[in-house]
Amino acid sequence: MDISFQQAAYSRSQGRRSLSLTEKRNRTQRIETMAESIFTLCAFLAVFAVGAITLYMVANGVPVIYRLGVREILFSSAWKPVAADPSYGILYVILTSVTGTVLAVALGVPVALLTAVFLAEIAPRPLAALVRPAVELLAGIPSVVYGLLGMLVLNPLMYRLEQVVFHGSRTHQFTGGANLLSAVLVLVVMILPTVISVSETALRAVPDQLRVSSMALGASRIQTIFQVVLPAARPGITTAVVLGVGRAVGEAMAINLVSGGSVNVPLPFSSVRFLTTAIVSEMGYAEGVHRQVLFTIGLVLFGFIMLVNILLHKIMRGEDG
């Protein structure tokens, strides 16, 4: 009798256990299904946002191109939107943005990459603990503060340099230090924290086995860093460069304060206007065709960023292949 009672109790406990396992499995499946639905919805929202922005920019920027012509807008250098005989050429504005971005990336990325290597591979922990918060603090400073410091500190220094370089010149138009060179230096400082942080994360993600294997084969520490670690972290570093380019291309407020704001050939000591600063400076009072052309400038800026991303990703895929 006791044996049969124990068997029945055991059978009931086993049944409850199997039922409990089934309930847990069903609950887990419901949670996973819900999480998958949320992730899918977020992905579609991101794609929808990009598509909506693209359609909006195209709808507002393309009609004026058909009205005025591609040559008048993209290949003309005369920007006189409020003149009696208005001109809407943005060639110099496009060249300024391209030149400024290329120079900022060429100067800033090597410094940022070497700083990331120092923090991830070389610096002692106490020193890295001091430098890393400083880099993060740079990322948190508002862009208008960079522009204000550039206007109050950098522009006077550039003006002194300009006076030395063009001493006695009768043709040079002095800018007071608000020129392309000042804008590039401000952009260099602004892209540093982004490129440093992302590059350092990519370097730290490289497995230690690669470092150990390289040193075991007789490579020095520097050889291991530059010939093993950096190539292994190339995808993350490429992402850092893309983010840095996006920061440089899309910056407006700081550049508006230090670049001078005139539409000129993008020479180092010339007062210039970027694509972003053209929109910021004139959108408040623009109307009619002038306002539509500003949307065209935004469309050009959007296309420029997309082109940079596509080129960098193709380069990365080519190297991986």
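In this text the structure is predicted, and so the values were computed from the model without any measurement. Note: hydrogens, waters and symmetry copies are ignored here, and every other heavy atom, side chains too, is used.
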(request) Begin from the C-alpha positions of Arg291 and Glu282 and carry the test salt bridge (charged side-chain N to carboxylate O under 4.0 Å, His left out) through to its verdict. (result) CA-CA 8 Å; Arg291 184 179 179 87; Glu282 303 184 19; over 6 Å; no
With a 4.5 Å cut-off on side-chain heavy atoms, are [Y] and [X] touching?
| X | Y | result |
| --- | --- | --- |
| Leu230 | Leu113 | yes |
| Leu301 | Thr276 | yes |
| Glu162 | His172 | yes |
| Val102 | Val98 | yes |
| Val206 | Arg211 | yes |
| Val289 | Leu68 | yes |
| Pro86 | Tyr88 | yes |
| Ser182 | Asn179 | yes |

Does [X] use its side chain to pair, donor to acceptor, with the backbone of [Y] at less than 3.5 Å?
| X | Y | answer |
| --- | --- | --- |
| Arg221 | Met215 | no |
| Ser97 | Phe274 | no |
| Glu36 | Phe39 | no |
| Thr277 | Arg273 | no |
| Ser214 | Leu210 | no |
| Asn60 | Tyr56 | yes |
| Asn264 | Ser271 | yes |
| Gln223 | Ser220 | yes |

(message) If hydrophobic residues (ILVMFWY) are linked whenever their side-chain heavy atoms come closer than 4.5 Å, directly or via other members, who joins Val82 in its cluster?
(response)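 Answer for Val82: Tyr285.
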In this structure, are over 12 heavy atoms from other groups packed under 6.0 Å from [X] atom [atom1]?
| X | atom1 | answer |
| --- | --- | --- |
| Gln173 | CD | no |
| Met253 | CE | no |
| Phe166 | CZ | yes |
| Met283 | CE | yes |

Atom [atom1] in [X], atom [atom2] in [Y]: separation rounded to 0.5 Å?
| X | Y | atom1 | atom2 | value |
| --- | --- | --- | --- | --- |
| Ile297 | Gln292 | CD1 | CD | 12.5 Å |
| Leu95 | Leu180 | CG | CG | 11.0 Å |
| Leu257 | Leu152 | CG | CG | 9.0 Å |
| Ile73 | Ser87 | CD1 | OG | 11.5 Å |
| Tyr92 | Ser270 | OH | OG | 10.5 Å |

Over all heavy atoms of both residues, which pair between [X] and [Y] is shortest? Give the atoms and the distance, please.
| X | Y | value |
| --- | --- | --- |
| Ile191 | Gly108 | CD1-CA, 4.2 Å |
| Val263 | Ser77 | CG1-O, 4.4 Å |
| Phe118 | Leu127 | CZ-CD2, 3.4 Å |
| Arg204 | Ala120 | NH2-CA, 3.8 Å |
| Ala123 | Ala128 | CB-CB, 4.1 Å |

(message) Once you measure the plane-to-plane angle for His290 and Trp79, does it fall in the parallel (<30°), tilted (30-60°) or perpendicular (>60°) bin?
(response)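 Ring orientation of His290 relative to Trp79: perpendicular.
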